[in-house]
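Order of the sequence lines sets the chain letters (A, B, ...), proteins ahead of strands, with each chain counted from 1.
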Amino acid sequence: MMNLDYLNEVQREAVKCTDGPMMILAGAGSGKTRTLVSKIEYLLKEKKIPSYNILAMTFSNRAAREMRERIQSLSEGMPLSQLLVTTFHSFCARLLRTEANYIGLSRNFSIYDDSEMISVIKNILNRRGISQKEIHPQEIKYYINLVKNKGYFKGCADYEVFAKIDDEIDKDDLFYEIYEEYERELHTSNAVDFGGLIVGVLELFAKHPKILERYQKRFKYLLVDEYQDTNRAQFLFVLLLSEVHKNICVVGDEDQSIYSWRGADINNILDFENYFPEYQYFKLEQNYRSSKNIIDAASHVINQNRMRKGKVMWTDNQGGEIIEVIECLDDTTEAKFITEKILELVDSGVPYSKIAIFYRNNSQSRVIEDSLRKFRIPYKIVGGIKFYDRKEIKDLLSYMKLITNDKDSLSLSRIINSPARGIGAVSLRKLETEAIKNQLSLYELIKDVVNQKDHYSHLKVSSKVFSALSEFVELIESVKLMEKNEDLPSHCYEKILEDSGYLGNLKSVKSYENMARIENLKELLSGIRQFEMACISNKEKPTLSLFLESITLDNSSASEEEEYTDPVVLMTVHSSKGLEYEYVIVSGLEENLFPSAMSLDEGEDRLEEERRLFYVAMTRAMKKLYLSFSKGRLLWGKVQFQDPSRFLFEIPEEYYTWKAFGGRKKNPKKILKKKTEDSYIDYGDEFSQVAPEEDFDSSSSTRYNASSQGADLLASGLAVRHSLYGEGVVVRTEGYGTNEKVTIKFKQGTTKKFLRKYTPLEVLE
DNA sequence: GTTGCGCAGATTTTT
DNA sequence: TCTGCGCAAC
């Protein structure tokens, strides 16, 4: 008999209740993952369900990974290779690849991310002569996503509804036309966007009931995590899959629903009983994570929301430390408060990695990073790393997408002229028009032009362009051959890099920027190698298209060099969901920032979502919570005066103390040391005095050993000499470690940005 | 066809 | 402040 003693009463009941529809409402920190993992273990061990019959779906890759690992560690010796714990998106991608031909795709289809979606839309607008000022591509994107998130597709039962009537999707005929054109465009490119992955499966199931039946039979037990984040399309998908066995278990928390802007539909929780009247219902309300003080404060905040099923969080934990609200003069001061607080905590023995800093939007991280860097506090940013957004990376990925899917004209047009081959916009446009005329994909046409030059004499392709085209085709064909012969993705990659001239081009101009690019391309290579290794250990064949899929669907796994063992963690509140830290600092608690200005314009529902977001932030903290805000903030070049967030006043006074940091006395409650006050006035100096020379290594082994970088600490205002450009002054620094970038203003008047590790700089006294 | 400059507009949140 | 776009010059 499996040991369930480590579960509480409700958890245990939820685990044992395996058959029929059920919903677990799990409050923050109530052991949700633990329950889910035990339930799967229970199914496997007690009910002897083959892992092949279980499907567990999560929303994020991180959650899927975590759950998989935990199940693996619990089930030694159990055959788990068939157990599916994945995200909606990767599951649907896999399913679509297997069944692709049923819906007119081939299995090597490309997956378009958001920016590619925008590119397609821009192309369409251009073609129609619509300026981007008249209709913002973003607006179209939003509309298309709305349609897909609701699970509508052409030919679906509610097709008419989606086209004209659905009152949320209230757009005119032009939008609808563009939507249709967009769908055609993707289809001819053999590509699918994020939303299309889910909707594609719905369409497949609707049109081929036999296939649906096959999957229904296989997945006898369905588990859905983060149920509050599912959109309508995902809900319909789950509904279909579970129709036969009805063994569906959803786990969620309506108070942590923070993705409505991406289509998450809170009604999926509120309406569950309409679809499954006989459903069982469990509430996990005991919180194991946070101190009583934090729980009570957070409960008071979330209680202001009307759209709830209603849970009452409680805990056996101690009262714990009081919450601190910190009023700061401006954003720089706030960053300084954060820095000092971290140093203070670390001095008292807290490891860096037990401390997290949250903010409402990504742009807020910069100021904080700058300050942390000045004190050499190791930090890591979760999410927000845009490795795959870099130009050179996108270019090489486009090459590879074209190799796996030669109908992908978007990728082709991206790289046809990079490196510059003398095929500019004019030639491209000419080829595109011809391709459309001949019903060919762009690549097919180009290949045709190269092979049968005479047929295309009317195009008047210059000999220069022609030879560029044939060289290009030759390259693509040879790599396609490699891919076909199952050569490793990394070999294909290297071939492209060399033979396209991309690398040579970067090497030919010796600039620091190019060196950084080359470095990134190397990093991509090691990413590919890593992927290959992972495949091999999973006994899976490493193919290019699998690699491409893994990075479009999960960009968190990539390029996460674990540079420091023990860093402070920075992230947006959104990405903090599901995580916990002993010490949490939520920054920027100001009106129009958190809650965001946009949500304030859009009515009560959006405000409630912001409040849930704040609730999520608060409930990440285990021991102590700091809530900071600035009275002034530098926003696009100007200082804006900010009011403290309304959410602060929703916390009953007994749960917090209000302190001020920096600036003149204003709030009577504040307890301000004289020293801090002074430090604000000439803080630039104080930073450079205190920061660099302290011996960080002697006190604690967990601290980042700064000297290992072998570089001087650079701070704004420092005079330096650059071997090429001469003397200058550091204007600012960003990034950290090997990614540290430094902007220098030179005496001759130019300002340049360098990647630190390539830049020989001499610090002048 | 390519490069470089100047201006306008932008900030939620992400699979 | 930063980015992306359009336009003009080479």
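Between A:S596 and B:dT11 there is no side-chain N or O to OP1 or OP2 distance below 4.0 Å. Taking 4.0 angstrom as the limit, A:N149 places none of its side-chain polar atoms (N or O) nearer than this to OP1 or OP2 of B:dT15. Residue A:R606 places no side-chain N or O under 4.0 Å from the OP1 or OP2 atom of B:dT13. Dashed line: the shortest gap from a side-chain N or O of A:N362 to OP1 or OP2 of B:dT14 is under 4.0 Å. In this model, the phosphate group of B:dT14 is not approached by any side-chain N or O of A:S60 to a distance below 4.0 Å at OP1 or OP2.
For A:D395, the salt bridge (charged side-chain N to carboxylate O under 4.0 Å, His left out) partners are A:K391, A:R414, not counting sequence neighbours. Listed by chain and residue number, nothing satisfies the salt bridge (charged side-chain N to carboxylate O under 4.0 Å, His left out) test with A:R262 (two or more places apart in sequence, or in another chain). A:R633 is linked by a salt bridge (charged side-chain N to carboxylate O under 4.0 Å, His left out) to A:E334, A:E590, counting only residues two or more places apart in sequence or in another chain. For A:F194, the ring pair (Phe, Tyr, Trp, His ring centres under 6.0 Å) criterion is met by A:H89, not counting sequence neighbours. For the salt bridge (charged side-chain N to carboxylate O under 4.0 Å, His left out) test, residues two or more places apart in sequence or in another chain that qualify with A:D225 are A:K32.
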Enumerate all atom pairs, one protein N or O and one N or O from nucleotides 5-8 of chain C, separated by less than 3.5 Å.
{"residue": "C:dC5", "atom": "OP1", "partner": "A:K122", "partner atom": "NZ", "Å": "2.6"}

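When the nucleotides B:dT2, B:dT11, B:dG1 are ranked by their closest atom to the side chain of A:M598, B:dT11 comes out on top. Comparing atom distances between the A:R366 side chain and each of B:dT13, C:dC2, B:dT15 picks out C:dC2 as nearest. The side chain of A:A420 has B:dT2 as its nearest neighbour among B:dT11, B:dT2, B:dT14. With distances taken from any side-chain atom of A:W261 to the nucleotides B:dT14, B:dT15, B:dA10, the minimum falls on B:dT14.
Across all strands shown, A:S575 has heavy atoms under 4.0 Å from sugar-phosphate atoms exclusively, and none from any base. Within the nucleic acid shown, A:V573 has no heavy atom closer than 4.0 Å to any nucleic acid atom. Residue-level contact check: A:S599 touches neither bases nor backbone, having no heavy atom under 4.0 Å from any strand. In this structure, A:F59 reaches the sugar-phosphate backbone alone: every heavy-atom distance under 4.0 Å involves primed, P, OP1 or OP2 atoms, never a base. As judged by a 4.0 angstrom heavy-atom cut-off over every strand, A:D114 is placed among the base-contacting residues.
The backbone N or O of A:I416 sits less than 3.5 Å from a side-chain atom of A:R421, completing a donor-acceptor pair. Although no hydrogens or angles enter the test, the distance criterion places a donor-acceptor pair under 3.5 Å between the side chain of A:N417 and the main chain of A:G422.
A:H574 has its NE2 atom 13 Å from the C1' atom of B:dT15, to the nearest Å. Atoms NZ (A:K577) and P (B:dT15) sit 11 Å apart, rounded to a whole Å. Taking atom CZ on A:R232 and atom P on B:dT15, their separation rounds to 23 Å, with Å as the unit. A straight line from CG of A:L593 to P of B:dA10 spans 18 Å, rounded to a whole angstrom. Rounded to an integer number of Å, the gap from A:N361 CG to B:dT13 C1' is 8 Å.
Position along DNA chain B of the nearest nucleotide to A:V465 versus A:L613 favours A:V465 as the more 5'-ward residue. Residue-to-nucleotide proximity on DNA chain B shows that, of A:G424 and A:T87, the 5′-proximal contact is made by A:G424.
Between the side chains of A:N108 and A:N190, at least one donor N or O sits under 3.5 Å from an acceptor N or O.
Judged by atom type and distance alone, A:S363 reaches the base of B:dT11 through a side-chain donor-acceptor pair under 3.5 Å.
Put simply, A:F194 rests on the base of B:dT15: the two rings are less than 5.5 Å apart at their centres and nearly parallel, under 30°.
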